[in-house]
Amino acid sequence: MSSGGGKQAPKIVSKSSAGGTGAAGAGGGPPVMPLASPLMGKKKKPFLGMPAPLGYVPGLGRGATGFTTRSDIGPARDANDPVDDRHAPPGKRTVGDQMKKNQDDDDEDLNDTNYDEFNGYAGSLFSSGPYEKDDEEADAIYAALDKRMDERRKERRELREKEEIEKYRMERPKIQQQFSDLKRKLAEVSEEEWLSIPEVGDARNKRQRNPRYEKLTPVPDSFFSKHLQTGENHTTVDPLQGLGGLNTPYPGSMTPGLMTPGTGELDMRKIGQARNTLMDMRLSQVSDSVSGQTVVDPKGYLTDLNSMIPTHGGDISDIKKARLLLKSVRETNPHHPPAWIASARLEEVTGKLQVARNLIMKGTEMCVKSEDVWLEAARLQPGDTAKAVVAQAVRHLPQSVRIYIRAAELETDVRAKKRVLRKALENVSKSVRLWKTAVELEEPEDARIMLSRAVECCPTSVELWLALARLETYENARRVLNKARENIPTDRHIWITAAKLEEANGNTQMVDKIIDRAITSLRANGVEINREQWIQDAEECDKAGSVATCQAVIRAVIGIGIEEEDRKHTWMEDADSCVAHGALECARAIYAHALQVFPSKKSVWLRAAYFEKNHGTRESLEALLQRAVAHCPKAEVLWLMGAKSKWLAEDVPAARSILALAFQANPNSEEIWLAAVKLESENNEYERARRLLAKARSSAPTARVFMKSVKLEWVLGNIEAAQELCTEALKHYEDFPKLWMMRGQIEEQCENMDKAREAYNQGLKKCPHSVALWLLLSRLEERVGQLTRARAILEKARLKNPQSPELWLESVRLEFRAGLKNISNTLMAKALQECPNSGILWAEAVFLEARPQRKTKSVDALKKCEHDPHVLLAVAKLFWSERKITKAREWFLRTVKIEPDLGDAWALFYKFELQHGTEEQQEEVRKRCENAEPRHGELWCAESKHVLNWQKKTGEILAEVASKIKNTF
């Protein structure tokens, strides 16, 4: 105690000394009150009662030091005491945890292992210092710098990592890749070689191969009941007891359990009752305790069970589960047919066919009125047994059509089938299905007799009436159809059949009357006229060859249910739909009706003319065009189509007369003037062509007329006349670029390169946005060896005409022809940035790549320009270069279908077929090209517009272009 008092005393002394009291406290006596001082009455000091300044320690100037007592900091805490924060996270919930954490944070790891010569210590040496605002700003600046530097290096780093990964994969491929070639060779292994491979032997010893598992035999209930009587409870046999048996050294007792009271016997009856109770409880889980009705939809339940039925290789536990569930369903509701069918099918699937047959026969006993169960039984049973089953089914269900049909199917002899079906018709005479099946087996004469009886029994069956009408003579068929109309006044097929009958017998004037009467009668009987259904019937008539009926139906229903302002648009769509379905007469009838309603519509006449051109004969086209120009004399294109048709038929005088009539209707029409000139020039009547052009220049002077005049003189070899005409034309039409082009090309042909350059330069001053002029000038400079000047011209052209794919393409090709492949690749990248959706650029980019990268580039091109013909053509060429003939042909066909006007596609396709196709395929491509009459394409125009080829036909130009294509790709 004294030591404790000695320790406390100095604190009291120190505190009292700090406060300025006497030393009386040291002696342990009561404190002495201070005497009143004369200074007490003086004025109070201003700092008294105010808070002390920051960091002030009382008495520090006199050498006194501050101290802290337990009352200042609270009581001492044990390391395991909980902290004040009730929601502290794990690891901070006790005082010891927090102290340890603070100590860990304060201690710096200054070990040598944590030191690096370049980076210094791994941790922060100043983490214990205060984290101020300028530190936070410095950290943010450093983080931004790191992020910036990382972004600059990111692309290079990712590329390097990708290359390293690819290199690593090439050096150390996966096992799967190492054996891929051997796997591919497995396809060549025949079945005999595969079966001759020896089995792998088992290298284990006999004990490992055939382990003897511990056998556990269940003890019979009689064993327990016998020993319960003696009150013994041994669980093991003592080996030391020889023949003594199961004698226990001391008697024991056993809790009675399932023993009958008063005896030691095991009551087996109670075990059976408990088992049944447990099963009843499980089954009652799917039953409603109030009404006794099942709460599970039995059909859906059995559908689920069917989905559970496994195949032959299914899991045995699933089969057992399905079998158990189906058994419970059968026992719960034995009169439910789907349960028996599902059970039989389960056994059939698992291979137990006899069990399935037994089950389904039990089902027929429980569900004698179920059609499905009898049919399933007939399906599962073999031939003769199946017949017996069906005979039994007929006794129970004499009105079942399906069972009779099944019975007929089981018969192999036709006479037996007829006998069964006739017996069926005696019992079920109203079944249309039975009558149809029976009639199909009969000869035509017997079938007619049967059908006459069938329509009496089933007067509402349209199919039977129509079948009878087909077998009857013309007069009888008319009577049959009249009776059918009386019995079924609401069916349109009877009326249409009557119209087809009249048409087939030459009474075409009756067809329209019958169809009109049909519409009136059906409306009177409350039938709504469905326009789409009637048009479908008309298409079927067209396909059956009943043209008059088809046209009559179209005329009768084409205007039903359409607003007046929508008629033209809807009828054109209907015509296109009929053409797509192959019903050409329907389309012709729609166009004929539309032309009656809109006789002055040029667009309808044009659509009808193109239809006749593609699907009709030359005579029908010319007849239509004669009517067209009579109604629309101002439509130049109709006159020109008529003249062209006559010209193609080599009837030049008729073509001239048509154009003469066209002149009268359209005086001074440029198109008709030029058509007349072309007609004469194509037929070698050059003087007449010159006179016509001279007349046109005087009466209807246009830039095209002058251009055709220059072209005629140029191709005929009159260069001076061509130059004079060109000079005269440029006085009037200096902003027409084709004249400047022709002037430059004529000079080039005469080897006057300076004059040609001058012509192109003058033309570009007048027409700076003509891309073709820029290209001609660039190619001229390249031809004379001025590569730098050609490059400069193209750069200037791109400035004048931004986003021009043709100029970019020429720049790329210029560098490529000069052997500067790197520059051409760079230019292509810039071109694709400026024109990302240009098909010609993407098509060129595919073949600028090395062969392994072309496929990837073609995928990118297709993503950007999915329906561009140039890209599709490039993909076709790519497949061609890889010798994938079928795919290449598919892509060529797709290209010419999307853009039949692209001559390059036809030429490449023809070249492809010349190399890889048959003569028929080559001829087909040539014919399709001639019908399409392509006008565009880089290679195509170079040949078709050449002065030496001016009189060549489309087929000749196709062969010429194809011959000049080389498989450089």
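Hydrogens, waters and symmetry mates play no part in the numbers below; they use all other heavy atoms, side chains included.
Separating the CG atom in D574 from the OH atom in Y591 is a distance of 10.5 Å, to the nearest 0.5 Å. Rounding to the nearest 0.5 Å gives a distance of 8.0 Å between CZ of R555 and CD of Q596. Separation of atoms NZ (K602) and CH2 (W605) is listed at 14.0 Å; rounding is to 0.5 Å. R813 contributes atom CZ, which lies 12.0 Å from atom CG of L794 (distance to the nearest 0.5 angstrom).
The aromatic rings of W571 and H593 sit perpendicular to each other, their planes meeting at more than 60°, with 30° as the lower class boundary. Classified by interplanar angle (parallel below 30°, tilted 30° to 60°, perpendicular above 60°), the ring pair F912/W880 is perpendicular.
Using a distance-only test at 3.5 Å, with no hydrogens or angles considered, a donor-acceptor pair links the side chain of W906 to the main chain of P900.
Looking at every heavy atom in both residues, P934 comes nearest to L902 through CB-C, 4.2 Å. Pairing each heavy atom of A756 with each of G744, the nearest pair is CB-O, 3.5 Å. Across all their heavy atoms, Q922 and G917 have their closest contact at NE2-O, 3.3 Å. A pairwise comparison of heavy atoms in V710 and C726 identifies CG2-N, 3.7 Å as the closest pair. When all heavy atoms of I590 and A575 are compared, the pair lying nearest together is CD1-N, 3.9 Å. When every heavy atom of E734 is checked against every heavy atom of W740, the shortest pair comes out as O-NE1, 2.7 Å.
For E747 and Q723, the side-chain atoms include at least one donor-acceptor pair closer than 3.5 Å. A donor atom on one side chain and an acceptor atom on the other are found under 3.5 Å apart for Q749 and W714.
Surrounding OH of Y733 are more than 12 heavy atoms belonging to other residues, nucleotides or ligands, all under 6.0 Å away.
Ion pair R926/E913 not flagged as a salt bridge, since none of the NZ, NE, NH1 or NH2 atoms sits closer than 4.0 Å to an Asp/Glu carboxylate oxygen.
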Apply the test side chain to side chain contact (heavy atoms under 4.5 Å, CB included) to residues V629 and L625: give CA-CA distance (whole Å), side-chain angles for both, the deciding distance (0.1 Å), then the verdict. CA-CA 6 Å; V629 295; L625 288 170; 5.5 Å; no

Can you check side chain to side chain contact (heavy atoms under 4.5 Å, CB included) on K877 and F847, steps first, answer last? CA-CA 9 Å; K877 287 160 65 179; F847 290 99; 3.6 Å; yes

Would W940 and K945 count as a side chain to side chain contact (heavy atoms under 4.5 Å, CB included) here? Give the steps. CA-CA 8 Å; W940 186 269; K945 294 191 177 182; over 6 Å; no

Which is it for E748 and Y760 under the side chain to side chain donor-acceptor pair (under 3.5 Å) test, yes or no, and what are the steps along the way? CA-CA 11 Å; E748 274 191 67; Y760 292 143; 2.6 Å; yes

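For residues 895-904, the pairs satisfying side chain to side chain donor-acceptor pair (under 3.5 Å) are D901-H936, with sequence neighbours left out.
You'll find the side chain of R791 reaches within 4.5 Å of the side chain of E815, heavy atoms only. Contact of the R889 side chain with the Q921 side chain is registered, since non-hydrogen atoms from C-beta on lie closer than 4.5 Å.
Screening F909, W891, F892 for a side chain to side chain contact (heavy atoms under 4.5 Å, CB included) with L873, the sole residue that qualifies is F892. Among the candidates R697, R704, E728, R690, the single residue satisfying the side chain to side chain donor-acceptor pair (under 3.5 Å) test with S709 is R697. Just one of K911, K952, K953 meets the salt bridge (Lys or Arg N to Asp or Glu O under 4.0 Å) condition when paired with E960; it is K952.
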